[in-house]
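Order of the sequence lines fixes the chain letters, A, B, ..., with proteins taken first and strands second; residue numbering starts at 1 for each chain.
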There are 2 protein chains.
Amino acid sequence: MAAKRSGARSKRGINERLQPVQEPRSEPPLSRERIVATAVELLDAQGVDGLTMRRLADRLGSGVMSLYWHVDNKEDVFDLALDSVLEYRGPPQIVESRDWRGEVVHMLEDWRASMLRHPWSASLLPRRALGPNILSRLELLSKALSRAGVADADLNVVIWSLWNYVMGATITRASFDLSDDDRAAAQQRLTRLSERYPTIERSRLLLDNDWGGTFRKGLGFLLDGLSPG
Amino acid sequence: MAAKRSGARSKRGINERLQPVQEPRSEPPLSRERIVATAVELLDAQGVDGLTMRRLADRLGSGVMSLYWHVDNKEDVFDLALDSVLEYRGPPQIVESRDWRGEVVHMLEDWRASMLRHPWSASLLPRRALGPNILSRLELLSKALSRAGVADADLNVVIWSLWNYVMGATITRASFDLSDDDRAAAQQRLTRLSERYPTIERSRLLLDNDWGGTFRKGLGFLLDGLSPG
DNA sequence: ACCTGAACACCGTTCAAGT
DNA sequence: ACCTGAACACCGTTCAAGT
């Protein structure tokens, strides 16, 4: 390959300079990390249905079957891609650690934001095993809530309620990120039917697109209900 | 078909009686309704990945391409199957209609139960357009909450919070209905890692399988937080 | 109006083989 | 240890054709 390169240089001279420095033709060797990173790229670009072992191999510049040396199967790729996207680095130090509510809100909003950066991840998460990054988020949640005075008997209910809320909100939000065609069609059908749903129509339920604000307010309501005392 | 049948009778005489009355060999003609009903059967039996246009046609005793006369494409089949499963017949008359909270809880628990009867439906729902059966559930919810005194400015937040909670809970629950193999594997991995997540371990968060009770209690907390005053 | 088979452009994965 | 191509058993859907 080095030979190939110097050959090209002597043949084309200055033209060589037009190529970017990083030498696009020669791929680094395959590895688990490279496969996962490229899978995330592909998922971001094409969605869940866009991830194909063949396309993934193409992007990596390898044969399809080479992937199977590093990875069990396609399911495995999904699991690895998902977990790689859910790491939590913790709250900024500014957040006073006595403020359990601030800590919980920060972690959950970060969770939502991480998933929305990779919209395929939200709907995938509940179908997959709980990876280490998910488990440590749950651990953090448990600790904060215990500290807040939630009774042991209520702890699981409280955690699952928060989980349900965040998952439901994020999956719904991510699913509305559809193509403009789909949105237009849905909107049109709705206005056609709107006289049958007057209350929804009046409150403009389906046009409300301050997703972030709605998420935050709802989370506030939920925490009000969950807090002891 | 009538002609074919009487022909068989005159030829085989009493043997005819051995066949069940409904004549299993001759399928009724294809129709949208029959396709949707069979799709639901297939989804119940084999899950989302089990629904295949070819398998669906097999069950219906028709050629694959015959389906496309009645149905746009596979997406269409999903939409129709989903909506067909979400009809709401309303609360029993015993429920006093002044009791907004009882009405809301009844509808949401029925919603959850309907989806859990067809576990593929929960994870499908957020990805699909809002069909008429979903819209009337939302309409009912809006009315009940307005009656309960929720301010117009809060109405959308409250509705979406309930939606998020129910969807998150049901999708999560439905996804845990995996094969025993998967469960065993997940369980094993968890106990291996459990020392890193002491609080989760202590509260037995992932072993808690009173899903119904947890759902109901969490919903109660949420309604506490959402209720005005 | 309703149904059909052949064909196309894809899939994930097994296997036997290469280096 | 790592990579490969051929082959298998599937997909959804287009198309041109049948009744």
Residues touching DNA chain D, which here means a heavy atom under 4.0 Å, drawn from residues 37-60 of chain A: A/Arg54
Rounded off to whole Å, could you give me the [atom1]-to-[atom2] distance for the [X] and [N] pair?
X	N	atom1	atom2	value
A/Arg34	D/dC3	CZ	C1'	14 Å
B/Leu67	D/dG12	CG	C1'	11 Å
A/Tyr68	C/dA16	OH	P	17 Å
A/Trp69	D/dC3	CH2	C1'	9 Å
A/Met65	D/dG5	CE	C1'	10 Å

Tell me whether [X] is salt-bridged to [Y], with the criterion being a basic N under 4.0 Å from an acidic carboxylate O.
X	Y	value
A/Asp44	A/Arg117	no
B/Arg128	B/Asp83	no
B/Asp79	B/Arg127	no

message: In whole Å, measure the gap between the C1' atoms of C/dC10 and D/dA9 for me.
response: 13 Å
task: Quote, to the nearest angstrom, the C1' distance that separates C/dA17 from D/dC2.
output: 13 Å
task: Compare every heavy atom of B/Leu67 with every heavy atom of B/Met53, then report the nearest pair and how far apart it is.
output: O-CD1, 3.5 Å
message: Please tell me if B/His70 has a side-chain N or O lying less than 4.0 Å from either OP1 or OP2 of C/dA1.
response: no
query: Think B/Ser66 has a side-chain N or O under 4.0 angstrom from the OP1 or OP2 of C/dC2?
result: no
task: Return the orientation label for the B/Trp111 and B/Trp163 ring planes: parallel under 30°, perpendicular over 60°, tilted otherwise.
output: perpendicular
query: Between B/Asp110 and B/Arg89, is a salt bridge (Lys or Arg N to Asp or Glu O under 4.0 Å) present by the stated rule, with each step listed?
result: CA-CA 10 Å; B/Asp110 173 90; B/Arg89 287 180 180 74; over 6 Å; no
- prompt: Does the side chain to side chain contact (heavy atoms under 4.5 Å, CB included) test come out yes or no for A/Arg112 and A/Arg173, once each step is laid out?
  reply: CA-CA 10 Å; A/Arg112 172 175 180 270; A/Arg173 172 68 185 97; 4.2 Å; yes
query: Using purine N1 to pyrimidine N3 plus N6-O4 or O6-N4 for Watson-Crick, or N1-O2 and O6-N3 for G-U wobble, each under 3.5 Å, what pairs with C/dT19?
result: D/dA1
- line: C/dT14 -> Watson-Crick or G-U wobble partner, both distances under 3.5 Å, gives D/dA6
query: The side chain of B/Lys74 lies closest to which of these nucleotides: D/dT4, D/dC3, D/dG12?
result: D/dG12
